[in-house]
Every structure is written in structure tokens, then in C-alpha cells.
Amino acid sequence: MKNIISERVADFLKRFPPFNELHPKDLDRLSAEIVILYKEKDQQVFQENEAPHEQFYVVHKGAVILQKERQSTIVDLCDEGDIFGLRPLMANEHYKMDAVAYEDCILYAIPIAAFKPLAQSYQEVGDFLIESFASNTRNPYAKNHRGSLHGEGASPEQEEVNPVLFDLQPIAYSKKIVSCSPDTDIKTIAQKMTKKKVGAMLILQNKLPMGIITDKDLRNKIATGKFPITSKAIDIMSSPVITYPRQMTIAQAQMAMMKSNISHLCLTQDGTPNSEAVGILSKHDLMLELGNNPAVLMKAIKRTRKIKKIKTIRVRITELLKRYLAQNIPLTLTSKIITELNDACIKQVIKLSLKKMTTAPPVRFAWLAMGSQGRSEQLLHTDQDNAIIFEDVPKEQLSKAKSYFLALAKEVNKGLKEIGYAYCPAEMMASNPHWCLSVSEWKNKVSHWIGNPGPDEVLLSSIFFDYNRSYGDAELVKALTEHILHDTQKYPIFFLHLAKGALQSPSPTGFFRQFLVEADGAHKDFFDVKRRALMPLVDAARVLTLSHQIKSVNNTAERFEKLAELEPKQRELFLSCSYAIKALLKFRTKQGLLHNDSGRFIALDTLNKAEKVKLKRTFKTIKELQELIRVRFQVSNLLG
Amino acid sequence: MRIFKKKKINVPNFWEAYAAQFESMQPQSIEEIRFVVLDTETTGFDYEKDRILSIGALVLQNNAIAVHEVLEVYLDQYYYHAENVTIHGILKEDKKQRISELEALQLLLAFLGNSVLVAHHAAFDVRMINEALKRYGLPKLRNKVLDTGVLYKRTLIRSPLLERKEQYTLDELADKYDISKRDRHTALGDAYITALAFIKITMKLRKKRKVTLKWLLS
């Protein structure tokens, strides 16, 4: 029975293989049989060695992770439109891996009973399945391996599951071939390569690969003057092309490139230059496949055209972070690299969102990250806190400019959510009209906070004043910063209130030096490392550096190092504060990775004795620091 | 006197079958409860004058929605406000198969059973349905009712920095939870959006505390 919901399900499915092969009538019928499931992050869909369900799954929204041996090896990340959990149903065997929601997901559960007849009556669907089972990938576009699904039980291809050895995984190559004909001139080729951001161009004749031109050819043959710029492709291309069959493993591809000392492999239908070219595999693709190295990831981020793609890269960034922590690489370095990468992701989201807008920004603007992101202390996915500042415009144009930036912010906020930054529960986001202001509006706002420091104003300042420009015009931000420094100088009472705010965090330990844990709520008996240990340090560092008229340093550890430099008398205390914040951040990050959350709440029983001692040592530093603040700003004089 | 007489007239069989379902014990855990998420499209907002044009409803159980287990009916209404056409896209003359109000009520009651009813600004939909029931001399709905508009407010953090509103529209919820608004203003489309919002709301509340039906209803 067709209804609005089943129509939407069909609309979605028909965008993806093998459903795109189905006749609309069959697709409608299948769609009406589907159950829509909602899975919360970390919820299991099925478990290794569990008997197969009556249905398989398609990801509609969100992502699902397939993993073996309890998280130790991630086999795959299934994204919008990907199918999983089908193979065991077809082969009548138990699940070979766990499927767990990587984030909140909407899944379509498709009953196998409704699907099997289609797999048998449509050759294309059957082929797709056999193909994907044989190659162990989700979405192969291949036509050989013709086989049959009609037989009882499993065919040999389906039976054999190799233990997934990474090097033997089939490689993902780029199917969008950038190509031209042999008589194209060099300038056109260079322009096209620049536009498509590729390092090699395939020269095709009748769809057959005839030659290849890489960046290196342009450098060695044109830039050196060996060939004039007016040359044609045929003059400088490397020919014949070294071709390989499509189904290569990572190890094979690596060997091939090393053997011929080339950076690009051309993949053809049958592996010879006499069949159609189907893809190009660059060293870059291979590197991406091989490792999560920062440079490669950075390049990958900048190349993305869709926000969705950034999400997959962020999974790899998390893997990289895990490795760094496991290898005990200094946190300063780790956090620099990870912050850089996260920053690049955010920049890319803004760039892509700007492209979606129908017009260019009416005036200059800057995107500000606030809170922990502004301090570059955000290693894990947490909430987004951000704001926009834009150039002053004549009064009559203000509302128009504002609505443009609000629309842009809405796109960016949505994009950031898509790549893993949850919406701020207090709506401190640029898409909120209170956080999307012109330079003068911002100046008025912060002046108000500084001049009337009630509890709300102090709280707002403490979040906002850690802002950092993630994108856009530096001048605008500088103007605001100068204004803040000027104003705080005028109203020293503001520091008093800021200092008072810094002393308000609850104590980490009780009278007997035992840890104080949360008394109730979802995190009962957990230690709140953010509120009880990190915030006191962060807040103290902010008020101290601001009172020294410093706004250029945002990172808490760096702020303390700067303070140590400025106040030799307190050098020791500040250095141990810097050490403490790094240690605490590392604790938090490790806990977060362990539980795939923000790491704010620590289960004390998972810590060993040494870790507990380390944690407690930081508390001593916090106490000393708070004492210093109390004396310096004479907080006790303040009523209440 | 006529009123008393009216009450005594035989209620139709379908009502009796519906009412009988409330005699038995109903499951209490959130996972087991059968929720029916519902939306009505009407000619306007006047409980007496306006009429229901369509009803969309689906079943939500343990965070799963079966696509075939839905109710989507269009009603043949004599009374009709032309100015509503643009909002709902329901034209009086369009080719959708229409059924009488009584038939629609019969289908609705069969679909509802003793489930817990969920709707956005539920009071309105429930009242419209009750008014329709009254026209056929039938008593009010007996289902327990949850309102996503009210429940959503419980998910918001208590912070001086967050401005709270009196009412939140279904559009606002959809934006907040990234739910596609493609089928907004069709009864079943809105019911689907409401269902997803309801799931997200309960998930969110569960992170804060133990969620029982009793607490949701309180």
C-alpha cells in the first residue's frame, strides 16, 4: 500500500544501487514493506555471531560502524545509502561482525523475504550482490563475476570470507576520470587539472587510454622550455600508459607504483590498455587508504566538495588521535595537529556553505569559534559555540546584511552538526541573532557586559572572550579585541567579577581528600572533570591574562606559560598549572575516546592508582592558584 | 431531555470494540508501549465550525515505524474554507479518494485501539476529533495523550542564557533535530516528523533521568 512515507522511502532508495535498477512498481512495493528504525549513538544493530535477522539494513541518515572483535578493528563505516547485514542473510550464516550506530541513525530495515525475489528476477540486482560479496566492498560497479543467486544455499563466492587483512583489501579508486583528447593544448589541460584539483590527466582516444600527463610532465617538459606552451597533449604525454585491472589490492597497487616509479595507475576494464579506462588511482588515494597521516588528511579535507565527505575524514582524524595518545606523543603537539585538522574541517564547511549561498557576502565578516574551540582545547567532538562578526554597514542596510549572515550561519551550523559538532544547547551559535552582529553591535554588547558585570554577563564574557577567528577577516576581530582591552582597563571592577566567577567551580575533593562525584543524574558516581578541574584552571588563566592586557593567547596551557614569563615570582605555580591543564585534557580525551563522547565524566574505577595520584596532584595546584586569585583580586571584598 | 436520550442511543459496534480495549492491562515500559503518532489537517482552528480534512497516523513501538502500518485518510467535508487550500494543498476537487467523517472515525478508532496517542500541540487534534465524535453522539477519546510541544520544553537546559518560548512549532522542532520538512502540511507527513521528534525528545530526556510513561504524562 503506497502512502506518503513509503513514497519518501522509495525516493531515497532509488538514488542508490541496487535499488536504482528496480522498476518503480517493484520499488514501491518493497518500500511499503520497510520498517524505519531509529538507533541512538552506540546502540547495537547486530552482534558478531548473532543469528541473522529477518531483514537487512540501509542507512538513511547517520552512520553505522562495522567492527570485529569488540572494536579492535573497524572494518567499515556505512554512510547514507549503504547496505549492511545482507550477506549473512543470503548465505544463511551468522553475522561476522558487530554493527553499531556511530551516531544517531535512521535505518531502513528491509525484510529479506520481500527482497530475495527481486534479487532473483533482476539480473542487475543479483550481480550487484554477488559482486559486493565477492569483492567484500559495499558498492562495486563491476560486470564480470556473473553468477547466480538462484541456487539453494550459498555459492562458493559467498561462502569464503577471508579474515580481513588490511593490505589485501580492495582499493577504492577515483571513478571520475579527468581526461582529454590527444590534440588538446597544454594550457587547457593545466587549467582543467587545476580546476579539478588532480595531479594527472588521462589522454583518451575512443575511450581507450592512450597516454597520461602528470604534474611532473608539466614541470619537466614545459616549464623547463623543452616543449613550447603551444604543444599538444600528444607531444608531452607519457605513452603507453601502464594499466592495471580494477580489482587491485592495496598491496598490489603499492608494488605497481614502486616498480614503475610512477604516481598514477590507470585502471581499465580488463587490465590492458586495449579496454576502456574505468578509473585512476593516485599515490594520494593510496596514502589515504594506507594511513591517517596529518598531511594527507589535510589535503583530503581541502579537496572535499561535499560536507558529508568531511565526516568520513573526521573518523580518520579520531583514529589518528587515538594513535598519538597510545604512543604517548606530547599533548601540546597532539593538540596542535588535531586542532589544525579540526580547524581545516570547519573552514571547509564554511567555504562549502558560502558556495551554497546565491550571492557573495555583502561585506567583510569573520567566523569566530568560542569556548573550548576558541582556546584550541577541543580534541573531541563537542558542542559548537560560534559567532559571526561583520563589517559595519549604513543603518538602512543592517537588517539585510544581518539576514544574509544569519542564513549563512544556518548553513554552517547545519554543516558542522553533520560532521559531528552537536548544536549548542544554549543556542550560542552564529545562527542565533544574538550572536550574529556587526562590529559596533558587538562593541556595544561587550561594553555592556564589562560595565554591568552581573552573573549572566560574567558567564557570557567567559565564554565569548576566548573567541578565535576560524575564518574571514582578521581586521574586524582585531578591532573588537582592542575595544575589549580598552574597556576592561576602564572598568577594573570587571576583573573582580571575572575572578569571582573563576572561584565558583565546585571543589574536586572532599574533606578526606577523596574524589567528589556527582550525586545524581545520568552521571551519578562519575567524576565531572570539566566542572571540577578544568574550568577552574581555564577561568583563572583567562582573568589573569586579560588583566595583563593580553588577548592574543587563548590556549590555557600557553596562557600559563606566558604568565610564568611575565611574573617570574610565580613562575613555578604557573608552570605547574600549565602542566596540570595538559594532564587533565589528556585524561578527558582518553576517556572520551574510550566512550565515544566528550569525556567530561570519568568513571573513577577505570583509573589505576598512578592515574588517581596524578589527578589529585593537579587538584593541589588548582587550590594554590585559586588562593592567588583570591588575594590578587581581593575577591573576599566582594559581597556574597 | 433530548440530551439524555441521545446518550442512551446504541453506540455503534466499532465504539464498543474500541472502548473494550481499555479494560485490559496495558504495557508500561517505554519499549513495549504502542504509541500512535497522529496529525490532522483541518479547515481552520474553530472547534465548532471547522472540520477535519485528513488524518495521518502511524505506529511507533520501540523506536521502529512500520511503513505499511499507517493510517492516511481524506475526508469528504461539506463544510469547506477556501482560504485553507493554499496551506494544506488539499483541494476540494482533487482526485484523492474521500470517505465520510463517520467512516474515518471508525478507521481511526480501530487504528488507535488503546495506544498512547502522540501529537504536536495534541490538545488541538484531540479536541477536533472529539468534536467530530460528538456529532455522531459518541463519547470522547479515551487514550492517554502526549504532546511533543510540551515534552520538547522539558529537554531544554535551564540556563539564564537561553531564551525559552511559550510555544515551539513543529518547524522549529524539525530544524532543531535535523528532520526533513519535505512533507510538511500533509497529515501523515507531519505525523512522521512528529514521530521522529518524539523519539529524539525521549532519547534526550532519558539521558537526564529515568523516563516512565507516568512521568511523561505528568
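Proteins come first, then strands; the chains are lettered A, B, ... in the order of their sequence lines, and each starts at number 1.
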[X] versus chain A, heavy atoms under 4.5 Å apart: side chain, backbone, both or neither?
X         : result
Ile193(B) : neither
Leu196(B) : side chain
Asp175(B) : both
Lys210(B) : neither

With respect to chain B, which residue among [options] yields the maximal number of heavy-atom pairs within a distance under 4.5 Å?
options                                   : value
Arg8(A), Glu7(A), Lys414(A), Lys61(A)     : Arg8(A)
Glu427(A), Glu33(A), Met428(A), Glu418(A) : Glu427(A)
Lys410(A), Lys417(A), Lys39(A)            : Lys417(A)

List the atom of [X], the atom of [Y], and the distance in Å for their closest heavy-atom pair.
X         : Y        : result
Ser31(A)  : Val67(B) : O-CG1, 3.6 Å
Ile199(B) : Tyr38(A) : CG2-CD2, 3.3 Å
Ala64(B)  : Leu37(A) : CB-CD2, 3.3 Å

Count the heavy atoms belonging to other residues, nucleotides or ligands that lie under 6.0 Å from NZ of Lys181(B), then report whether that count exceeds 12.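 It does: Lys181(B) NZ has more than 12 such atoms within range.
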
Do other residues, nucleotides or ligands put more than 12 heavy atoms under 6.0 Å from the CD atom of Glu172(B)?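 Yes.
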
Does Lys402(A) have any side-chain hydrogen bond (donor to acceptor under 3.5 Å, both in side chains) partners at least two apart in sequence or in another chain, and if so, which?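 So Lys402(A) forms a side-chain hydrogen bond (donor to acceptor under 3.5 Å, both in side chains) with Glu441(A).
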
Leu188(B) vs Ile5(A), side chain to side chain contact (heavy atoms under 4.5 Å, CB included): CA-CA, chis, key distance, verdict: CA-CA 7 Å; Leu188(B) 190 56; Ile5(A) 300 177; 3.9 Å; yes

Rounded to the nearest 0.5 Å, what separation is found between the OG1 atom of Thr186(B) and the CD1 atom of Ile4(A)?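 Taking OG1 in Thr186(B) and CD1 in Ile4(A), the distance rounds to 3.5 Å.
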
In Å and rounded to the nearest 0.5 Å, what is the CG to CD1 distance from Leu58(B) to Ile36(A)?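 Interatomic distance, Leu58(B) CG to Ile36(A) CD1, rounded to 0.5 Å: 8.0 Å.
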
Side-chain donor or acceptor of Asn3(A) paired with backbone N/O of His68(B) under 3.5 Å: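 Not at all, since once roles are kept as given, no pair shorter than 3.5 Å links the two residues.
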
So, applying salt bridge (Lys or Arg N to Asp or Glu O under 4.0 Å) with Glu40(A), which one of Lys200(B), Lys204(B), Arg206(B), Lys207(B) is it?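 So the option named by the test is Lys207(B).
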
Segment of Leu107(A) engaging chain B (4.5 angstrom heavy-atom cut-off):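 For Leu107(A), no heavy atom lies under 4.5 Å from chain B.
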
